[in-house]
There are 2 protein chains.
Amino acid sequence: MRTLSDRQLGMLHFIRQYLGEHGRPPTVREIGLAVGISSTSVVDYNLRGLERDGHLRRAKELSRGIELSDRGRGASPGPSIPVLGFIAAGEPIEAISDPSDTVEVPQRFVEEGCFALRVKGRSMIDDHIDDGDVVIVKPQDSADDGEIVVALLTNGPSNEGEATLKRIYRNGNRVRLQPANAEMEPIHVDAKDLRVQGKLVSVIRSIG
Amino acid sequence: MRTLSDRQLGMLHFIRQYLGEHGRPPTVREIGLAVGISSTSVVDYNLRGLERDGHLRRAKELSRGIELSDRGRGASPGPSIPVLGFIAAGEPIEAISDPSDTVEVPQRFVEEGCFALRVKGRSMIDDHIDDGDVVIVKPQDSADDGEIVVALLTNGPSNEGEATLKRIYRNGNRVRLQPANAEMEPIHVDAKDLRVQGKLVSVIRSIG
DNA sequence: CATAATTGGGAACATCCGTTCTGTGCCAAT
DNA sequence: ATTGGCACAGAACGGATGTTCCCAATTATG
């Protein structure tokens with residue numbers, strides 16, 4: 001996934017704000033005015049980028065045809081938590097450049113301090129977690145056997161930790177991290193080289 | 001207060017539905033098309049009436065400048081909605097005997113009047129909807145091709161309608177209902193024998 | 001360095017869309 | 001019968017709006 005430019009971030013932020021304030025999407029020219037773009041073609045150009053990356057959808061040839069993909073529309077936002085990044089079994093969490101990407105979630109997840117990650121790819125398909133799904137993770141430093149956890153490998157090849165989403169199985173002080181994909185091999189690590197960051201508590205999929 | 005004419009009632013209803021469906025207000029011409037008014041001036045005329053009675057507000061000279069007043073939106077009682085029953089592709093909705101089964105959902109689903117169904121069995125596994133998942137359904141009477149809908153077959157073998165969850169594909173006035181399971185055959189019915197009750201908007205899975 | 005790709009600006013175009021004007025039929029009050 | 005208000009239809013005006021074309025500046029890319 002590409003990183004969003006400052007302009008696109010600003011546009012996304014303005015669209016969300018405008019929607020909440022007026023209950024209708026802004027026009028291309030209103031967006032341009034708000035983020036300091038004099039030409040409608042440039043707004044259109046960046047809207048294409050945002051649409052391609054799935055941040056919004058557009059109805060062709062229709063005034064105010066912008067529709068934000070995930071988050072609730074307008075009037076009363078409701079409880080929401082930020083989406084911290086992308087995760088895919090076997091790959092590190094990508095830092096996300098869009099701080100305004102949030103999902104609306106049930107209240108209790110907010111109360112429990114959960115965070116959200118957007119699933120990239122279909123590497124967790126055996127658990128029926130599809131590309132684009134949002135997983136809700138409750139922070140905790142331990143987990144029972146067979147639970148799906150966000151695990152941080154502290155002693156990997158790179159010094160930086162890598163976080164992955166996998167099922168966890170303990171065997172003495174050896175730990176097996178089982179991917180949710182039949183074609184991927186499990187990872188075996190020492191218990192001391194692993195830190196559980198949280199446990200998967202919910203999967204939320206938005207259609208359309 | 002004056003009593004609203006049938007036309008004004010229909011317009012108000014359409015505006016509310018359009019807003020929920022598209023996230024933006026309709027244009028004058030879209031309203032006219034929906035309620036069977038050929039002239040934009042008549043729509044404008046009735047919109048004036050609705051505005052005068054406080055049912056909505058209008059921004060002057062602005063495309064899609066209609067905004068429903070609070071009275072038009074309907075209240076939002078709480079953060080959870082009841083699970084109405086079980087559903088499985090190909091089988092009717094079972095009435096549920098446990099009225100205490102509710103799911104906590106994002107606020108906007110409540111505002112949009114959604115209801116929830118608990119998935120029974122793995123007959124929708126091709127869409128990665130697992131046994132025990134909760135599907136959130138937004139009430140609407142139409143759907144685009146390929147969308148997953150709750151469809152009511154009004155002219156089935158039994159006189160009572162049967163509701164199923166399937167992907168919908170239109171072909172003239174024939175409709176194909178495609179199950180989400182490779183081992184199940186699609187159903188073909190006349191468009192007049194089918195009523196779309198709602199569209200699948202979200203899947204929520206709780207772990208543990 | 002040369003070339004292409006990306007990002008942006010300005011203007012023009014076709015259509016969308018709110019508004020207004022004119023006219024018609026209906027109905028009740030005068 | 002005449003008047004006036006109401007609900008409506010059709011057409012047209014003008015501004016709003018999405019889209020596209022052409023060109024410039026910047027940044028990769030070979």
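Each chain gets a letter, A, B and so on, in the order the sequences are listed, and its residues count up from 1.
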Quick test: give all pairs of protein nitrogen or oxygen and nucleotides 9-12 of chain D nitrogen or oxygen below 3.5 Å, distance rounded to 0.1 Å.
unit_1	atom_1	unit_2	atom_2	d
D:dA9	N7	B:Ser41	OG	3.3
D:dG10	OP2	B:Ser38	OG	2.3
D:dG10	N7	B:Ser39	OG	2.6
D:dG10	O6	B:Ser41	OG	2.8

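- Considering only residues two or more places apart in sequence or on other chains, B:Tyr45 meets the side chain to side chain contact (heavy atoms under 4.5 Å, CB included) condition with none of them.
- An OP1 or OP2 oxygen of D:dG18 is reached within less than 4.0 angstrom by no side-chain nitrogen or oxygen of B:Arg64.
- Considering only residues two or more places apart in sequence or on other chains, B:Asp144 meets the side chain to side chain contact (heavy atoms under 4.5 Å, CB included) condition with B:Glu147.
- With sequence neighbours left out, A:Arg167 forms a salt bridge (charged side-chain N to carboxylate O under 4.0 Å, His left out) with A:Asp127.
- Between B:Arg58 and C:dT19 there is a side-chain polar atom (N or O) within less than 4.0 angstrom of OP1 or OP2.
- Remark: P of D:dG18 and CD1 of A:Ile15 are 11 Å apart, rounded to the nearest angstrom.
- Spacing between atom CG of A:Leu47 and atom P of D:dT19 amounts to 9 Å, rounded to whole angstrom units.
- Counting to the nearest Å, the C1' atom of D:dA7 and the CZ atom of B:Arg52 are 13 Å from each other.
- To the nearest angstrom, P of C:dT6 lies 13 Å from CD of A:Gln8.
- Of the residues near DNA chain D, B:Glu61 and A:Glu61, the one whose nearest nucleotide (by heavy atom distance) lies more toward the 5' end is B:Glu61.
- Applying side chain to side chain contact (heavy atoms under 4.5 Å, CB included) to A:Val149 and the options A:Leu200, A:Leu194, A:Val196 leaves one that passes, A:Val196.
- Summarising the geometry, the separation between CG on B:Leu50 and P on C:dG18 is reported as 15 Å, rounded to the nearest angstrom.
- Contact check, A:Asn46 against C:dT7: no side-chain N or O comes under 4.0 Å of OP1 or OP2.
- Closest contact between the side chain of A:Ser63 and the listed nucleotides C:dC16, D:dC8, C:dT19 involves C:dC16.
- For A:Tyr45 and C:dT7, the shortest distance from a side-chain N or O to OP1 or OP2 is below 4.0 Å.
- Considering only residues two or more places apart in sequence or on other chains, B:Ser38 meets the side chain to side chain contact (heavy atoms under 4.5 Å, CB included) condition with none of them.
- When the C1' atom of C:dC17 is taken as reference, atom CG of B:Leu33 falls 14 Å away, rounded to whole Å.
- Residues that satisfy the salt bridge (charged side-chain N to carboxylate O under 4.0 Å, His left out) test with A:Glu30, not counting sequence neighbours, are A:Arg64.
- Put simply, CZ on A:Arg48 is 13 Å from P on D:dG18, counting in whole angstrom units.
- Checking side-chain atoms of A:Arg205 against main-chain N and O of B:Val135 turns up no donor-acceptor pair under 3.5 Å.
- Atom pair B:Ile31:CD1 and C:dC16:P shows a separation of 17 Å (rounding to whole Å applied).
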